[in-house]
**Q** 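A single structure is presented below for examination.
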Amino acid sequence: MATKKFRCNVCGYIHEGNAAPDTCPVCGAPASEFTEVKTEKKSWWHDKNSNAYILVYATVMVVIVAAVLAVAALSLKSRQDANSLNEKKEAILASLGAVGQPYDEYISAYAVDAQGRRIESVSADDALQLLFDLKKAEAAATYPVFEATDGRVVLPVSGTGLWGPIWGYVALEKDMNTVVGAVFGHQGETPGLGAEIATEKYQQKFIGKTIFDGDRFVSITLRKGGAQDPAHEVDAITGGTKTSDGVTAMLQTSLGHYLPLLEARRAERSDAETPSDEDGQTL
Amino acid sequence: MSNKSVKYLTGPFSANNPVIVQILGICSALAVTVQLKPAIVMALSVTVVTAFANLVMSLLRNGVPSRIRIIIQLVVIAALVILVDQVLKAYVFEISKQLSVYVGLIITNCIVMGRVEAFALANKPWPAFLDGIGNGLGYGLILVIVAFFRELLGSGTLLGFRIISESWYIGEGGWYSNCGLMLFPPMALIIVGCIIWVHRSQNKDLQEK
């Protein structure tokens with residue numbers, strides 16, 4: 001290990017050993033022509049390809065990056081949460097066609113269980129929070145409902161499209177049957193095809209549809225090739241069949257969760273008054 | 001700016017275009033060009049990320065161990081993208097919603113890494129930054145051209161505005177029908193191919209003998 005290096009001043013030959021050789025094997029110069037080459041022992045932080053340098057570099061790099069990202073995520077979290085909460089509120093108002101109304105005064109939020117009974121332990125804020133993981137809330141039989149002051153209700157729905165989750169809000173008239181409006185969102189459906197469900201133009205097709213056929217729950221179907229039943233069907237998206245099927249299944253399942261509530265309300269109404277056209281009218 | 005700086009910036013528009021000459025970033029060029037709007041948003045995001053990834057890697061270039069440089073590049077690019085995504089989510093929520101999945105696509109975009117590897121590691125920060133902007137815009141140029149044709153012929157709209165009158169459509173009693181093929185990724189490849197064809201025929205020095 002401790003070998004020294006000696007360079008021949010005449011020809012440049014480098015000898016390795018503890019002392020200079022008697023004569024240079026290349027040019028024959030005597031030992032006096034040799035000088036020791038002081039190799040500076042390279043410290044690991046100078047040798048960029050040493051393992052120690054690479055390990056330390058990678059570690060420092062990762063720690064710095066992690067710290068930057070953590071600080072950014074923590075400091076921006078409250079703003080981001082406020083934004084996404086606001087988005088939910090706006091979507092709820094949009095489904096009612098009431099964009100610009102003050103949410104807090106206009107909407108009362110609560111949750112119902114599988115029998116349609118109101119769950120008292122869920123506050124209005126909790127009901128909004130349930131929207132962030134609606135699948136989990138539905139699995140736990142906690143179904144959030146957003147009721148406008150005029151008696152119309154917004155029911156959140158969630159399902160699966162072609163590439164990922166899809167979700168939406170369906171607003172029902174006071175008769176708990178006629179659709180006032182629907183808003184859909186998606187994470188990554190194909191632009192121009194499945195993603196069309198998120199366009200206002202497509203969502204308008206749902207307005208005025210009814211989810212009950214007499215007393216039977218039929219939901220709304222997205223029919224490939226064009227709607228045949230004008231009351232309960234909507235044209236599917238051309239080239240977006242999988243997404244359309246996803247929406248159909250989502251409406252069927254998610255609205256189905258609210259059936260006890262809807263049927264109870266419908267029964268209340270037909271008991272209380274003779275059916276009139278007044279409330280069922282939509283644009 | 002000196003002539004040289006201008007060259008870093010404008011070279012990637014035509015003679016050294018990342019998509020049609022270097023053939024980088026084809027994957028995302030297929031994915032986001034169905035409509036003009038996501039194409040533009042994607043082009044701008046890639047420009048920002050390429051420019052700053054180039055800048056950061058150029059500043060680090062003397063310290064990066066060459067054996068793990070690709071991983072370091074990946075960390076820098078991914079961190080930048082996440083940072084941009086977080087800031088967008090907090091301050092311009094609408095834009096971040098439009099970007100949604102495309103943010104992830106930026107990290108995998110070959111142009112970002114290609115330019116860092118080929119240019120930033122061997123050049124000073126300012127030229128590297130300009131090179132990043134130039135390549136991002138060169139990429140965007142092709143994206144916009146492809147998206148223009150795909151949205152116009154596939155949906156009859158541009159940026160969501162109707163260009164081809166509703167009354168022309170067969171369903172409305174007209175004679176016109178959208179080209180459904182335009183909505184599918186292979187059509188983007190064919191359009192890119194056509195652009196390369198036209199471009200090569202105009203630039204004799206790029207033609208392979």
**Q** Aromatic contact between B:Phe52 and B:Phe129, with the criterion being ring centroids under 6.0 Å apart: yes or no?
**A** yes
**Q** Within the 4.5 Å heavy-atom criterion, are B:Cys110 and B:Cys27 side-chain neighbours or not?
**A** yes
**Q** Are any of the side-chain heavy atoms of B:Asn17 and B:Ile20 separated by less than 4.5 Å?
**A** yes
**Q** Side chain, backbone, both or neither: which part of B:Gln86 has a heavy atom under 4.5 Å from chain A?
**A** both
**Q** Of the backbone (N, CA, C, O) and the side chain (C-beta and beyond), which part of A:Leu193 lies under 4.5 Å from a heavy atom of chain B, both, or neither?
**A** side chain
**Q** Check whether the side chains of B:Glu151 and B:Thr157 place a donor and an acceptor atom closer than 3.5 Å, and report yes or no.
**A** yes
**Q** For A:Glu196, which atoms come within 4.5 Å of any heavy atom of chain B: side chain, backbone, both, or neither?
**A** side chain
**Q** Under a 4.5 Å heavy-atom cut-off, does chain A meet the side chain of B:Leu60, its backbone, both or neither?
**A** both
**Q** Heavy-atom distances under 4.5 Å only: say whether B:Ile68 touches chain A with side chain, backbone, both or neither.
**A** side chain
**Q** Report, as yes or no, whether the 6.0 Å neighbourhood of atom NZ on A:Lys135 holds more than 12 heavy atoms from other residues, nucleotides or ligands.
**A** yes
**Q** Considering only heavy atoms, which portion of B:Val64 lies under 4.5 Å from any heavy atom of chain A: side chain, backbone, both, or neither?
**A** both
**Q** Between B:Ser155 and chain A, which part of the residue has a heavy atom less than 4.5 Å away: side chain, backbone, both or neither?
**A** neither
**Q** Any non-hydrogen side-chain atom of A:Phe206 less than 4.5 Å from a side-chain atom of A:Phe184?
**A** yes
**Q** Regarding B:Glu117 and B:Gln73, is there a side-chain donor-to-acceptor distance under 3.5 Å anywhere?
**A** yes
**Q** Please state whether the side chain, the backbone, both or neither of A:Lys201 comes within less than 4.5 Å of a heavy atom of chain B.
**A** side chain
**Q** Measure distances from A:Ser84 to the heavy atoms of chain B and classify the residue's part below 4.5 Å as side chain, backbone, both or neither.
**A** both
